[in-house]
Amino acid sequence: MKTITNIYNTFTSTNKFNKIFVLTFFTILASLILVMFIMLIVDSIFNFESFGYYGIGALLSIIIPSITTPIIAYNIIIFTNKIEKAGKHISTPVQHDNLTKIYNKRHTLELANYEFALSKRLSIPISAIFIQYKDLKKINKTYGEEIGDILLVELSRSISYTIRNTDIFGRYDKDKFLLIFPNLELSIVQKLTEKIRNAAEQVIHINDTGIKINISIACSEINDYQGATLQTLLDKAQRQL
């Protein structure tokens, strides 16, 4: 059983042309053996005893699989590769926002829940910042959603430059971003909000038009975990927006 498994793993790891060659070779071999066996049985019954009789059988058992097997094998391999890729795509959860390329809401909250549980276990503070692009609806109505999308990308990029690699940063809503800061006290986070504001509130020039990005920022901290959850931390910050 182990030998068969090793052969299968070796076969599946080779490229598709090697697979086609191997399949074709063994198909021809199997076809030749089968045809010769059948012809021997027929010969024993009807006594043909002709070299040409066996030659034609052998020739056909080689030619037909040589033509049909590569075509069939190629299509089967392409089909199975597509199924494998589709399966990988389905089984791998999407973690990033399509527009900004930062974490999406689902993955942001997954990471935030993990960090909250860890902070609670270690009894260390955890802080959150909500950032909202105040004028997005107005921008979309005035300039179009494409311009609004460009500004969201620029905003997320500006925020990314101001935070640590260990901080969690994701898109929480269409115009809202969430940052989670493990082991960071509120006093430090409040100073960081000014740094974020200075980096984010800039004039973006698009098609000879300067558009100012204006944001709202609110932050919160949990250091007493008595009855507190991640939602408690988020609600404290959102109430201040």
Side-chain angles (χ1 to χ4, degrees), residues 91-140 145 147-204 211-241:
S91 62
T92 305
V94 178
Q95 297 181 342
H96 294 85
D97 177 59
N98 288 332
L99 176 64
T100 60
K101 308 306 178 187
I102 61 175
Y103 291 139
N104 58 23
K105 181 178 180 179
R106 183 193 59 77
H107 191 57
T108 301
L109 292 178
E110 284 179 353
L111 296 174
N113 271 302
Y114 172 80
E115 291 295 343
F116 187 90
L118 183 62
S119 298
K120 183 177 182 179
R121 187 162 64 248
L122 298 176
S123 297
I124 58 175
I126 186 170
S127 299
I129 290 180
F130 270 110
I131 300 171
Q132 187 169 23
Y133 185 5
K134 294 192 294 186
D135 301 326
L136 183 61
K137 289 183 180 179
K138 182 179 178 182
I139 294 295
N140 288 342
E145 290 190 3
I147 301 300
D149 288 347
I150 292 172
L151 295 174
L152 282 171
V153 171
E154 289 299 322
L155 175 57
S156 65
R157 190 176 297 158
S158 298
I159 297 169
S160 297
Y161 291 149
T162 63
I163 60 177
R164 306 170 299 179
N165 292 333
T166 54
D167 300 328
I168 299 168
F169 176 40
R171 191 175 180 189
Y172 192 81
D173 208 344
K174 187 173 180 63
D175 62 348
K176 195 180 295 182
F177 300 91
L178 172 63
L179 296 102
I180 300 292
F181 303 95
N183 198 21
L184 209 62
E185 295 178 351
L186 185 61
S187 58
I188 300 174
V189 172
Q190 287 172 335
K191 293 177 181 178
L192 182 59
T193 59
E194 292 307 310
K195 183 180 178 182
I196 292 173
R197 187 184 297 278
N198 292 334
E201 290 192 333
Q202 54 183 308
V203 177
I204 306 297
I211 303 173
K212 176 73 182 301
I213 295 178
N214 294 305
I215 61 172
S216 296
I217 303 182
C219 57
S220 63
E221 177 199 32
I222 294 286
N223 51 26
D224 181 5
Y225 290 92
Q226 188 68 32
T229 64
L230 174 65
Q231 195 58 51
T232 307
L233 177 69
L234 302 185
D235 288 344
K236 284 177 67 177
Q238 287 200 89
R239 282 195 293 267
Q240 300 176 51
L241 279 176

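Positions are given from 1, in the same order as the sequence printed here. What you see below is based on every heavy atom in this structure, not just the backbone, and it leaves out hydrogens, waters and symmetry mates.
A donor-acceptor distance shorter than 3.5 angstrom exists from the side chain of Arg106 to the backbone of Val94, with no hydrogens or angles considered. Under the 3.5 Å distance criterion, the side-chain polar atoms of Asp97 are matched with a main-chain donor or acceptor of Thr100. Remark: side-chain polar atoms of Tyr103 are not paired, donor with acceptor, to backbone N or O of Tyr172 under 3.5 angstrom. Looking only at distances, a side-chain donor or acceptor of Arg197 sits under 3.5 Å from a matching main-chain atom of Ile215. Of the possible polar contacts, one joining the Gln240 side chain to the Lys236 backbone as a donor-acceptor pair under 3.5 Å is found. Ser127 places a side-chain N or O within donor-acceptor distance of the main-chain N or O of Leu184, the cut-off being under 3.5 Å. Remark: the backbone N or O of Ser160 is not paired with any side-chain donor or acceptor of Arg157 at under 3.5 angstrom.
The line from CG of Leu233 to OG of Ser220 is 4.0 Å long, rounded to the nearest 0.5 Å.
Contact of the Leu179 side chain with the Asp167 side chain is not registered, since no non-hydrogen atoms from C-beta on lie closer than 4.5 Å. Side-chain atoms of Tyr133 and Lys174, non-hydrogen and from C-beta on, never get closer than 4.5 Å to each other.
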Task: Residue pair Leu152, Phe177: steps toward the side chain to side chain contact (heavy atoms under 4.5 Å, CB included) verdict - done: CA-CA 10 Å; Leu152 282 171; Phe177 300 91; 4.0 Å; yes

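For Gln231, the side-chain hydrogen bond (donor to acceptor under 3.5 Å, both in side chains) partners at least two apart in sequence or on another chain are Asp235.
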